[in-house]
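One structure is given here, and the rest of the page talks about it.
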2 protein chains.
Amino acid sequence: MPAKHDFHELDLDPRAREVLREIVMQHIESGDAISSRTLAKCGRFDLSPASLRNVMADLEDLGYLAQPHTSAGRVPTDRGYRFFINHLMKSRSLSAREREVIDDQVSHAHEIDEVLHLASNLLWKLSDQVGVVFMPTLLQFAIRSMDFVLVAENKIMCILVGVNGVVVNKIVETRFRFTRDELEKISRFSTAEFSGCTLDLVRRRLVRMTEQERAQHDEMLQKTISLGIEAVNAPIDHDLYVEGAESILNKPEFADAALLRKTFLALQEKERLVEILESCLQAEGLQILVGSESDFTGDHNFSIVARRYGSQSTPNGMVAIIGPMRMEYARMAPLVDYLGRALSRKIEEQEQPR
Amino acid sequence: MPAKHDFHELDLDPRAREVLREIVMQHIESGDAISSRTLAKCGRFDLSPASLRNVMADLEDLGYLAQPHTSAGRVPTDRGYRFFINHLMKSRSLSAREREVIDDQVSHAHEIDEVLHLASNLLWKLSDQVGVVFMPTLLQFAIRSMDFVLVAENKIMCILVGVNGVVVNKIVETRFRFTRDELEKISRFSTAEFSGCTLDLVRRRLVRMTEQERAQHDEMLQKTISLGIEAVNAPIDHDLYVEGAESILNKPEFADAALLRKTFLALQEKERLVEILESCLQAEGLQILVGSESDFTGDHNFSIVARRYGSQSTPNGMVAIIGPMRMEYARMAPLVDYLGRALSRKIEEQEQPR
DNA sequence: ACCTGGCACTCCGCAGCTTCGAGTGCCAGG
DNA sequence: CCTGGCACTCGAAGCTGCGGAGTGCCAGGT
């Protein structure tokens, strides 16, 4: 952080900070631009509107506030929100009720995808913003088992279980015919052989096997290898749960039909979402991106409140909320944080079943 | 159909029919209300606007047309569309390009859910309406196999394959511990025992087994039964693919933000969609529902173009397009029909693999 | 040095008015 | 039975004026 920036921020005298804080809070609540008069009336300041106007003018000069037009009140800028989040916000901890709902739901889910789906749903319902949960592809993790089941004469379902408990299944079509017996043998072999490997490693080892002398003559081995390669090459997507896109339909900032349309379509672009979530994956703890601070949020005046989940040992994903810049950060932050922790706990539990 | 209705419809003299047809077509194309003047200008009639006005007034009396307000042109009513669809429409057959796209895509997909997902996607892209594909739950069909795979110490994945090739997998948690060996045996047993049964029948037979003497003592059998019951009781949903809801954002009839919101939310109510699609499941061939002809479409001024797919022998689902009443029926009808046929063919092929 | 009331100014939103054009219905004449 | 003409209706668009909400600035008070 450049010194000048710091200087600015610390330079704000306490009164200005209070004013900024009040403006941001009121604006978040009402959505309107805040005038000096409303501010004076709120009772927190023993100042006349005129004095407040001076303070507000200063804050505008520093780039924390903006006026939509002359003779409208002031509205926080991205920087204003950022300052608010960094220095002024007092997180409102979750209500007992909310905590209960989260704990209850998370503990009742079983499969990991069920848990994640539920998490995005919870985020949506509890925040009334768009809830997003991201799980990176299995590719980066080691697998625990690899099984094959006959589905049709020429179709085999391959079931991969990651060390993190993620279960992925893919149906592959093969030119060989397999019997149940064979598949059972192959399952045993593959699991024994590859458990602990990442998919990438599995692929390399399979390829190496084809080169060995033995493979040329052992038909069974050939079939195993071919099936394994098919299975590993089958595309395995990351999972992205986006829930509650319709909740933006309510928000007054998107009352305009054209803007709404644009905003809505933006949320369908999963690739961009994945991209930005992946870029947050490194950082520990809660992250908040406001408006112009990232490409995606900047284009659409969004903010993102995100947190990594998962234990240190195993791969992580992200939970996040996406909404308009004007959102209740003080409530969203603890919500995302709590849910992230709950998920992490759940996942750690599942790793070491009692 | 009541005689009176028939009378009305057949009573329309050829000129009135032509006029109605032209109005519907022009309105579908432009979205505007059609005036006598525009109609006269189109060249298809050797009549003055005044004469056309008379014809139009008659059509309005009969309920085929309506005026949004005095001094606006005329717009087709539900009945108008219905008459158009039944008697006036000339289906425009698919372009070679479109047919090619469909055939190509359908033939390249493998798993049935992949095919269906693709189908809804195609419907959307080719029609620019909301594409819907519905597959009823597996419950009504006989199964071909039933396998179990170890996923974690206390979690078993159960894989059911229907005679129609549908593959369903569910992860169940059990209080027993299973080894790979056991699961393999159970899989063999279950498949041999239950292949050809509907899930309901499987459940009943499992329950009956618990009552037999043997079950009391044979631990292995107990475990099998418990697992089987878990698997069969795991909820198995119907599949519903809805794609392209965002395409209604474009349609001028939903320019108003409030209406758009309402419309959009309506499309999220999958239950109602399922309900209406299920009700169409009985009828063979293409079905078109216009506006007030059904609850769902009536509430939102939608129309639905739907068709059953699947072979006679095996269970069927529906493919459909949902859009505003003002849609190009002449193009949608063949599109849905063709896709339905393509799907049916694909499914029949998969039933009897060469 | 700082706060404050007052005042001029700007700008938005709204209500009311007019105008314009697009349609229709009806009628009388060919 | 068709047609041109005419009166009438209605909505969309544009203009105007006004009130309200805000701000900026200044001069005077503490």
### Message
Go nucleotide by nucleotide along DNA chain D from the 5' end; which of A:Ala33 and B:Pro49 gets its closest nucleotide reached first?
### Response
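Checking each residue's closest nucleotide, the 5'-ward one belongs to B:Pro49.
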
#### Entry: Closest-nucleotide 5' rank along DNA chain D - winner of B:Arg15 and B:Arg53
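The residue mapped nearer the 5' terminus is B:Arg15.
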
### Query
Do B:Ser51 and D:dC2 share a donor-acceptor pair, side chain to base, under 3.5 Å?
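No such pair is found, so the answer is no.
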
### Query
At under 4.0 Å between heavy atoms, what does B:Ala72 touch on the DNA or RNA strands: base, sugar-phosphate, or nothing?
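The answer is sugar-phosphate, as B:Ala72 gets under 4.0 Å only of primed atoms, P, OP1 or OP2.
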
Rounding to an integer number of Å, can you tell me how far [X] [atom1] sits from [N] [atom2]?
X: A:Met56; N: D:dG22; atom1: CE; atom2: C1'; answer: 9 Å
X: B:Asp32; N: D:dA12; atom1: CG; atom2: P; answer: 12 Å
X: A:Ile34; N: D:dG22; atom1: CD1; atom2: P; answer: 9 Å

### Query
Where the side chain of A:Ser35 is concerned, which of C:dC11, C:dG23, D:dT23 is the nearest nucleotide?
D:dT23

## Note on the structure
Checking C:dT4, C:dG25, D:dG24 against the side chain of B:Glu60 (C-beta onward), the nearest is C:dG25

### Query
So, do B:Ile321 and B:Val130 sit near enough that their side-chain heavy atoms are less than 4.5 Å apart?
no

### Task
Validate the cation-pi geometry between A:Arg272 and A:Phe296: distance from NZ or CZ to the six-membered ring centre under 6.0 Å, angle to the ring axis within 45°.
no

### Task
For D:dT3, take OP1 and OP2 only and decide whether either is under 4.0 Å from a side-chain N or O of B:Ser48.
yes

### Message
For the aromatic rings, using the six-membered ring if either is Trp, is the centroid distance between A:Tyr64 and A:Phe84 under 6.0 Å?
### Response
no

